[in-house]
Amino acid sequence: MRLLLLSDTHLPKRAKVLPAPLLAELPRADVVFHAGDWVDTATLDLLERLSRRLVGVHGNNDGPALRARLPEVAYAELGGLRFAVVHETGPAQGREARCAARFPDADVLVFGHSHIPWDTTAPTGLRLLNPGSPTDRRRQPHCTYMTATVEDGRLDDVLLHRLPPR
């Protein structure tokens with residue numbers, strides 16, 4: 001099962017459209033995760049239309065229309081792994097322990113907010129993934145998103161994709 005992970009798209013404020021390489025990944029993905037800060041409902045509509053399955057949450061920059069359609073936290077069981085998705089996880093220091101305590105029944109946590117790619121594992125085994133942002137790199141060298149695969153209860157092939165400058 002192929003996964004596509006993204007967050008913090010901030011359309012149309014940070015970019016007018018999603019980058020072409022990211023859009024090309026949509027038909028290849030069995031499940032698309034979006035960890036919040038969509039900003040516009042058009043992006044949600046697009047991903048709902050083009051994704052086989054979409055698991056998304058709202059973020060701090062998402063208004064009432066998006067909050068009405070998306071939860072603050074989402075859960076999905078895929079290929080024997082339990083996923084949780086949330087926008088904010090707080091400061092980087094202590095993140096693994098804090099998230100392991102907040103999501104004790106999850107195997108993988110997908111989050112956003114910082115626009116900083118993140119891939120660590122808590123002492124409990126919880127894998128924490130932040131795909132960064134495909135449209136707003138902030139202080140990062142590149143805009144990014146992630147792909148991964150799930151097979152036989154394992155998360156494999158976690159790749160951070162760097163997008164070309166706009």
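Evaluation of the ring pair (Phe, Tyr, Trp, His ring centres under 6.0 Å) test over residues 27-70, restricted to residues two or more places apart or in two chains, returns Phe33-Phe83, His34-Trp38. Applying the salt bridge (Lys or Arg N to Asp or Glu O under 4.0 Å) test to pairs two or more places apart or on separate chains, none has a residue in residues 86-99.
Listed by chain and number, the residues in a ring-ring contact (aromatic ring centres under 6.0 Å, His included) with Phe103 amount to none (sequence neighbours excluded). Evaluation of the salt bridge (charged side-chain N to carboxylate O under 4.0 Å, His left out) rule for Glu25 yields Arg2, Arg28 as partners, not counting sequence neighbours. In this structure, Arg102 has no salt bridge (charged side-chain N to carboxylate O under 4.0 Å, His left out) partners at least two apart in sequence or on a different chain. Here Asp107 pairs with Arg82 under the salt bridge (charged side-chain N to carboxylate O under 4.0 Å, His left out) rule; sequence neighbours left out. Residues satisfying the salt bridge (charged side-chain N to carboxylate O under 4.0 Å, His left out) test with Asp156, not counting sequence neighbours, are Arg154. For Ala42, the side-chain contact (heavy atoms from CB on, under 4.5 Å) criterion is met by Asp40, not counting sequence neighbours. For Arg127, the side-chain contact (heavy atoms from CB on, under 4.5 Å) criterion is met by Val108, Asp119, Thr121, Leu129, Leu155, Val158, not counting sequence neighbours. Ala65 meets the side-chain contact (heavy atoms from CB on, under 4.5 Å) test with Thr41; sequence neighbours excluded. Asp37 pairs by the side-chain contact (heavy atoms from CB on, under 4.5 Å) definition with Asp8, His10, Asn60, Asn61, Asp62, His87, not counting sequence neighbours.
In this structure, CG in Leu44 is found 6.5 Å from CG in Leu54, a value given to the nearest 0.5 Å. Considering OG1 of Thr43 and CG of Leu66, their distance stands at 8.5 Å, rounded to 0.5 Å. The distance from atom CZ of Phe111 to atom CG of Leu128, rounded to the nearest 0.5 Å, is 5.5 Å. With rounding to the nearest 0.5 Å, the separation of CG in Asp157 from CD in Glu151 is 8.5 Å. Going from atom CE of Met1 over to atom CZ of Arg52 covers 10.5 Å, rounded to the nearest 0.5 Å. Taking CG of Leu126 as the reference point, atom SG of Cys99 lies at 7.0 Å (rounded to 0.5 Å).
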Candidate pair Val86 and Val57, rule side-chain contact (heavy atoms from CB on, under 4.5 Å), full reasoning: CA-CA 6 Å; Val86 68; Val57 297; 5.5 Å; no
Verdict with reasoning, Leu109 to Thr89, per side-chain contact (heavy atoms from CB on, under 4.5 Å): CA-CA 10 Å; Leu109 174 65; Thr89 60; 4.1 Å; yes
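The side-chain contact (heavy atoms from CB on, under 4.5 Å) with Leu11 is formed by just one residue from the set Leu18, Val17, Val39; it is Leu18.
Inter-residue side-chain proximity for Pro104 and Thr124 is flagged as unmet; no heavy-atom pair is nearer than 4.5 Å. For the pair Pro19 and Thr135, the minimum side-chain heavy-atom distance is below 4.5 Å. Using a 4.5 Å heavy-atom threshold, the side chains of Pro117 and Gln140 count as touching.
Of all heavy-atom pairs between Ser7 and Ala35, the closest is OG-O, 3.3 Å. Pairing each heavy atom of Gly153 with each of Leu81, the nearest pair is O-CD2, 3.2 Å. Heavy-atom minimum distance, Ser114 versus Asn130: OG-ND2, 3.2 Å. The nearest pair of heavy atoms linking Val55 to Ala74 is CG1-CB, 3.8 Å. In plain terms, the two heavy atoms of Ala100 and Ala122 that are nearest each other are CB-CB, 4.1 Å.
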For residues 141-148, which side-chain N or O atoms pair as donor and acceptor with protein atoms under 3.5 Å away, sequence neighbours left out?
| residue | atom | partner | partner atom | Å |
| --- | --- | --- | --- | --- |
| Thr144 | OG1 | Pro131 | O | 2.8 |
| Thr147 | OG1 | His161 | NE2 | 2.6 |

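Taken together through direct or relayed side-chain contacts under 4.5 Å among Ile, Leu, Val, Met, Phe, Trp and Tyr, Leu160 and Val85 form part of one hydrophobic cluster.
Applying the 6.0 Å contact sphere to CD of Glu72 captures no more than 12 heavy atoms from other residues, nucleotides or ligands.
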